[in-house]
Amino acid sequence: TWNHPLVSSGPNNHSVMVRADSSFQFVITAHYSDCVYTETVNVNALPLPEVGLALIDSVCANTGNVALMGGYPLGGQYFQNDVETQILNTASFSGVYAAFEYRFMGDNGCSNAAADSVYVVATPSIAPISNRSFCDGDSSLVLYASVDSFYTVNGAQSSLFVPTYAGAP
């Protein structure tokens, strides 16, 4: 094993670890019996491009396709499960995170990636009310929705439908 400020050999003397963004030469010398072979190797350790991904935090399920944006620098590709894509299909997820990766290749030929995910909010469940008629003075009807959901009646948020006021000015 040998060391240099920028390079060191691995434990089996077959691998070399190089610090990024450095250039240098080193000489390899092989001995066998009385024969000696020497070769000079030039090493350029190139830096990886800085890559980031900042997707939207959440989107509602079943709202159509959402274009993926937020990868930087511009010019990279979005992947989901190692398949390139440009969109999040909200019909494919509900109540889960959709994970994406953004991959970018720099001018020096080195690639890097960043990951982020979007929470696809499940469609609220509604206890359906069939079309029916009410008479003025009928009992109020309690409206049920899933947690953190609400109904709107005549434009106002409510959890109760009161026939007495239905359609009243």
A.B. asks: Please find the pair of heavy atoms, one from P73 and one from E50, that lie closest to each other, and give the distance.
C.D. replies: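 Taking every non-hydrogen atom into account, CD-O, 3.2 Å.
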A.B. asks: Membership question, hydrophobic clusters at under 4.5 Å side-chain separation (ILVMFWY): are L53 and V66 in the same one?
C.D. replies: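 Same hydrophobic cluster.
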A.B. asks: How would you list all residue pairs meeting ring-ring contact (aromatic ring centres under 6.0 Å, His included) that involve residues 95-121, not counting sequence neighbours?
C.D. replies: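 For residues 95-121, and leaving out neighbouring residues, the ring-ring contact (aromatic ring centres under 6.0 Å, His included) pairs sorted by first residue read Y78-Y102, Y97-Y119.
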A.B. asks: Once rounded to the nearest 0.5 Å, what's the spacing between atom CG of L46 and atom CG of N108?
C.D. replies: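 Spacing of CG (L46) from CG (N108) equals 5.0 Å.
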A.B. asks: Not counting sequence neighbours, list each pair that qualifies as a salt bridge (Lys or Arg N to Asp or Glu O under 4.0 Å) and has a residue in residues 51-77.
C.D. replies: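 Qualifying pairs, neighbours excluded: none.
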A.B. asks: Decide whether Y72 and I56 are clustered together by the hydrophobic rule: side chain heavy atoms of Ile, Leu, Val, Met, Phe, Trp, Tyr closer than 4.5 Å, transitively.
C.D. replies: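 Unlinked, Y72 and I56 end up in two clusters.
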A.B. asks: Can you run down the salt bridge (Lys or Arg N to Asp or Glu O under 4.0 Å) pairs that involve residues 74-100, sequence neighbours left out, and say none if there aren't any?
C.D. replies: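 Listed by first then second residue: D82-R103.
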A.B. asks: Look at the side chain of N89 and the backbone N and O of G64, then say whether any donor-acceptor pair between them is shorter than 3.5 Å.
C.D. replies: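 Such a contact is absent between N89 side chain and G64 backbone.
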A.B. asks: F93 and L68: same hydrophobic cluster, using ILVMFWY side-chain contacts below 4.5 Å?
C.D. replies: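 Linked, F93 and L68 end up in one cluster.
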A.B. asks: Please report, to 0.1 Å, the donor-acceptor pairs under 3.5 Å made by any side chain of residues 110-118, with sequence neighbours excluded.
C.D. replies:
| unit_1 | atom_1 | unit_2 | atom_2 | d |
| --- | --- | --- | --- | --- |
| N112 | ND2 | P49 | O | 3.0 |
| D116 | OD2 | L55 | N | 2.8 |

A.B. asks: Using side chain to side chain contact (heavy atoms under 4.5 Å, CB included) as the criterion, list what pairs up with A61, not counting sequence neighbours.
C.D. replies: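 A61 satisfies side chain to side chain contact (heavy atoms under 4.5 Å, CB included) with S94, V120, T123 only.
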A.B. asks: Is D107 atom CG crowded by more than 12 heavy atoms from other residues, nucleotides or ligands, each under 6.0 Å away?
C.D. replies: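 It does not: D107 CG has 12 such atoms or fewer within range.
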A.B. asks: Show me the pairs that pass salt bridge (Lys or Arg N to Asp or Glu O under 4.0 Å) and involve residues 86-95, at least two apart or across chains.
C.D. replies: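 Listed once each, the pairs would be none.
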A.B. asks: Measuring only between side-chain heavy atoms, which start at C-beta, is L88 closer than 4.5 Å to N65?
C.D. replies: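 Answer no - side chains too far apart.
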